[in-house]
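Computed from a prediction, not measured in an experiment: that's the story for all the values here.
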Amino acid sequence: MVMKLDGPRRPARSGTARSLVVLLHGYGASGDDLIGLADELAPWLRDTAFASPHAVEEMPYPGQAAYQWFALTARDPEEYAAGARAAAPALDAFLDGELARLGLDASRLALVGFSQGTMMALHVGLRRTVAPAAIVGMSGVIAAAGTLAEEITCRPPVMLIHGSDDEVIPVGAIHLTREALAASNVGVEWHIRQGLGHGIDEECL
């Protein structure tokens, strides 16, 4: 049985949702850490609803809401690929459920990921039956690049953003990711944020 995800949501500011943005948090965080981005973006996206699910595995951190999409031990391409593949069905089901709840076509979806959430946004978003409107990946890296050409089912536009001083996922990851996407004919826009570490700032937004 596929695990059911949940997390904080924000309704469309206009009162009528015509699109959905799903915010995917990083390792050791929760949906509560990213849902605040909805408040920053809502003035420009008044007809957009937002959701930020907690990842599939709760981590044993006392007094702290912490989740992971998959465990990170080896931190190598094989672990990323296997982890993203295992977590994908739960995220796919969440996306389908939110779209159905709002009465929206799957093409009205955008995915925004941070760090490990970027791995999930790219992994799931490029394998959907209907292409999302867009994928934005911040401070992350592609998982399962080696099998993308065989598994890709849609080609939404992708934007990648990475801090030049990222101490967790080095900035070189943006080049690996954009090259893998380009090899599968995915349109990519990419930006390196000078002086930024592993985070999101106003310029990113």
Side-chain angles (χ1 to χ4, degrees), residues 1-25 31 34-35 37-38 41-42 44-56 69-70 80-114 116-138 140-161 177-178 180-190:
M1 189 171 79
V2 175
M3 180 180 180
K4 186 174 182 179
L5 303 183
D6 199 7
R9 297 167 173 84
R10 295 284 190 273
R13 184 165 290 196
S14 70
T16 302
R18 294 186 171 87
S19 55
L20 169 67
V21 170
V22 175
L23 304 160
L24 303 174
H25 68 78
L34 279 196
I35 195 62
L37 297 183
L41 297 172
W44 290 275
L45 300 169
R46 294 185 55 81
D47 296 331
T48 299
F50 295 83
S52 188
H54 307 308
V56 296
W69 293 101
F70 51 88
Y80 296 161
R85 193 168 287 116
L91 179 54
D92 245 332
F94 177 82
L95 300 178
D96 290 340
E98 288 298 291
L99 289 165
R101 180 178 68 84
L102 295 167
L104 295 175
D105 182 81
S107 66
R108 303 299 299 166
L109 166 71
L111 300 174
V112 178
F114 174 75
Q116 195 180 50
T118 290
M119 297 184 201
M120 294 307 304
L122 291 170
H123 189 85
V124 169
L126 297 171
R127 292 164 176 81
R128 298 275 292 169
T129 302
V130 177
I135 299 172
V136 178
M138 296 181 284
V141 66
I142 193 169
T147 59
L148 179 61
E150 303 146 28
E151 298 174 357
I152 191 169
T153 56
C154 62
R155 290 170 172 81
V158 174
M159 177 183 285
L160 303 173
I161 306 170
T177 302
R178 67 180 179 83
L181 295 173
S184 289
N185 298 313
V186 177
V188 183
E189 182 178 337
W190 57 282

Could you give the distance from [atom1] ([X]) to [atom2] ([Y]), rounded to the nearest 0.5 Å?
X: L24; Y: L95; atom1: CG; atom2: CG; answer: 7.5 Å
X: E189; Y: I161; atom1: CD; atom2: CD1; answer: 8.5 Å
X: L181; Y: L148; atom1: CG; atom2: CG; answer: 6.5 Å
X: L37; Y: R10; atom1: CG; atom2: CZ; answer: 10.5 Å
X: L20; Y: L45; atom1: CG; atom2: CG; answer: 11.5 Å
X: H123; Y: I135; atom1: NE2; atom2: CD1; answer: 11.5 Å

Can you name the nearest heavy-atom pair linking [X] to [Y], along with the distance?
X: A106; Y: L99; result: CA-CD1, 3.7 Å
X: S19; Y: L104; result: C-CD1, 3.6 Å
X: P132; Y: C154; result: CD-SG, 3.9 Å
X: A90; Y: M3; result: CB-O, 3.6 Å
X: F94; Y: L5; result: CD1-O, 3.6 Å
X: H54; Y: G31; result: ND1-N, 3.0 Å

Side chain proximity check, V22 to P53, heavy atoms < 4.5 angstrom:
yes
Any side-chain heavy atom of V112 within less than 4.5 Å of one from L41?
no
According to salt bridge (Lys or Arg N to Asp or Glu O under 4.0 Å), who are the partners of R9, at least two apart in sequence or on a separate chain?
D6, E98
Could you work out, with salt bridge (Lys or Arg N to Asp or Glu O under 4.0 Å) as the rule, every residue matching R85, not counting sequence neighbours?
E151
Where the side chain of [X] meets the backbone of [Y], is there a donor-acceptor pair that is under 3.5 Å apart?
X: W69; Y: H25; answer: yes
X: R108; Y: G103; answer: no
X: T153; Y: R128; answer: yes
X: T118; Y: V141; answer: no

The single option from V124, V2, V56 passing side-chain contact (heavy atoms from CB on, under 4.5 Å) against P89
V2
Under the rule for side-chain contact (heavy atoms from CB on, under 4.5 Å), what residues qualify as partners of D47, not counting sequence neighbours?
S14, R18
